[in-house]
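The structure under discussion appears below in the form of structure tokens.
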Amino acid sequence: YDLLFEADNGIDLQRKINPSNPPEILLLDVNMPEMDGYEVVSWLKKNIPSVKVLVVSMIQDEESIMRMLKLGVKGYLSKDVEPQELKNAIMAIISKGFYYTDFITGKLVHSLQHLEDNNQRDVLASLNNREKEFIQLACSELTYNEIAGKMFLSPKTIEGYRYNIFDKLNVKSRVGLALYAIKHGLVHL
């Protein structure tokens with residue numbers, strides 16, 4: 001490996017990096033004075049996108065990790081990383097384009113599950129009373145025409161409800177709607 005330069009912070013990095021001969025990989029901390037790691041990654045993405053960033057930081061909270069991953073870093077290690085793992089990370093980024101430890105993968109999975117749970121809560125909270133009534137009736141053996149009669153609406157309006165709710169809940173059939181409704185407590189057996 002050739003070490004091209006060291007920088008004290010993001011401002012120093014901007015002064016020292018040569019855009020016509022940038023490093024292939026940049027080892028970066030998150031917490032730096034003047035211009036932190038988030039700002040550096042954003043700047044690199046805009047100005048020298050070919051540079052792959054490997055974060056090496058003591059900051060291990062999920063929010064910081066996810067923020068860096070969303071910005072496009074290719075790996076995230078703790079500062080107390082063993083030299084062999086650092087070497088493995090650099091080699092993986094060169095060969096595969098990324099390196100994520102089990103710890104980081106676990107954080108990613110947890111964050112995605114948390115995001116999915118929040119999205120489901122948002123979707124459920126967005127349903128109005130008439131939509132909930134339609135869902136409950138659609139989970140019965142009533143035909144759509146019978147549902148229209150019970151809700152005092154036209155069959156065309158019921159078709160609109162069906163279309164909008166299927167789209168909102170990301171289901172493709174009445175069976176899928178029933179399964180979703182049972183799973184999320186909209187109807188009870």
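Just so you know, these numbers come straight off a predicted model, no measurement behind them.
In this structure, Lys183 is not positioned above the aromatic face of Tyr180 in the sense of NZ or CZ being under 6.0 Å from the six-membered ring centre and within 45° of the axis. A cation-pi geometry, defined here as NZ or CZ lying under 6.0 Å from the six-membered ring centre and within 45° of its normal, holds between Arg174 and Tyr144.
Comment: Lys156 does not engage Glu159 in a salt bridge, judged by the lack of any side-chain N to carboxylate O separation of less than 4.0 angstrom. Glu131 has a carboxylate O that lies under 4.0 Å from a charged side-chain N of Lys168, or vice versa, which qualifies the two as a salt bridge.
Between Leu54 and Leu26 there is no side-chain heavy-atom pair separated by less than 4.5 Å. Proximity of Tyr76 to Val53: side-chain heavy atoms (C-beta onward) are nowhere separated by under 4.5 Å. For the pair Tyr99/Glu85, a side-chain contact is recorded, criterion being any heavy-atom separation below 4.5 Å from C-beta on. Side-chain contact between Val30 and Met68 is present, with heavy atoms from C-beta onward closer than 4.5 Å. Looking only at side-chain heavy atoms (C-beta outward), Lys79 and Asp29 come within less than 4.5 Å of each other.
Interatomic distance, Gln14 CD to Trp43 CH2, rounded to the nearest 0.5 Å: 5.0 Å. How far CZ of Arg130 is from CD1 of Ile135: 13.0 Å, rounded to the nearest 0.5 Å. Note that the CD atom of Gln60 and the CD1 atom of Ile65 stand 5.0 Å from one another [nearest 0.5 Å]. Interatomic distance, CG of Leu142 versus CE of Met151, reported as 11.5 Å (0.5 Å rounding). Distance check, rounded to the nearest 0.5 Å: CE of Met32 to CG of Asp12 gives 10.0 Å. Asn31 CG to Met58 CE: the interatomic distance, rounded to the nearest 0.5 Å, is 11.5 Å.
Between the side chains of Asn129 and Glu133, no donor N or O sits under 3.5 Å from an acceptor N or O. Using modelled atom types and a 3.5 Å distance limit, the side chains of Asp80 and Ser78 yield a donor-acceptor pair.
When each of Glu39, Glu34, Lys16 is paired with Ile11, the side chain to side chain contact (heavy atoms under 4.5 Å, CB included) condition holds for Glu34 and for no other. Partner of Leu28 under the side chain to side chain contact (heavy atoms under 4.5 Å, CB included) criterion, chosen from Asp36, Val40, Leu13: Val40.
Shown here for Cys139 and Ala178, the closest heavy-atom pair between the two residues is SG-CA, 3.5 Å. Between Leu177 and Ala138, the shortest heavy-atom contact is CD2-CB, 3.7 Å. Here the shortest heavy-atom pairing between Tyr1 and Lys87 reads OH-CG, 4.0 Å. Considering all non-hydrogen atoms of both residues, Leu71 and Ser42 come closest at CD2-OG, 3.5 Å. Taking both residues in full, the closest heavy atoms of Pro33 and Asp8 are given as CD-O, 4.4 Å, listed atom of the first, atom of the second, then distance.
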Apply side chain to side chain contact (heavy atoms under 4.5 Å, CB included) to the pair Thr101 and Leu77, showing each step before the final yes or no.
CA-CA 8 Å; Thr101 62; Leu77 298 172; 3.6 Å; yes
Going through the distances and angles, do Ser64 and Tyr38 end up as a side-chain hydrogen bond (donor to acceptor under 3.5 Å, both in side chains)?
CA-CA 9 Å; Ser64 297; Tyr38 306 111; 3.0 Å; yes
I'd like to know whether Leu44 forms a side chain to side chain contact (heavy atoms under 4.5 Å, CB included) with Ile17, so could you lay out the CA-CA distance, the side-chain angles of the two residues, the decisive distance to 0.1 Å, and finally the verdict.
CA-CA 10 Å; Leu44 284 169; Ile17 196 165; 4.0 Å; yes
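At a threshold of 4.5 Å between side-chain heavy atoms, the hydrophobic network of Ile, Leu, Val, Met, Phe, Trp and Tyr places Ile25 and Val81 in one connected group. Phe98 is connected to Val55 through a chain of hydrophobic side-chain contacts under 4.5 Å among Ile, Leu, Val, Met, Phe, Trp and Tyr, so both are in one cluster. When the side chains of ILVMFWY residues are joined at heavy-atom separations under 4.5 Å, either directly or via intervening members, Leu137 and Leu169 end up in a single hydrophobic cluster. In terms of hydrophobic clustering, with Ile, Leu, Val, Met, Phe, Trp and Tyr side chains grouped at heavy-atom distances under 4.5 Å, Met91 and Val51 are assigned to different clusters. There is a path of hydrophobic side-chain contacts, each under 4.5 Å, that joins Phe166 to Leu127.
Checked against a 6.0 Å centroid threshold, the rings of Tyr163 and Tyr161 do not count as neighbours.
Under the 3.5 Å distance criterion, the side-chain polar atoms of Gln136 are matched with a main-chain donor or acceptor of Leu186. Within the 3.5 Å criterion, the main-chain N or O of Gly97 finds no donor-acceptor partner in the side chain of Lys52. For Thr157 (side chain) and Leu153 (main-chain N/O), no donor-acceptor pair under 3.5 Å exists by modelled atom type.
Residue Asn128 places its CG atom among more than 12 non-hydrogen atoms of other residues, nucleotides or ligands, all under 6.0 Å distant.
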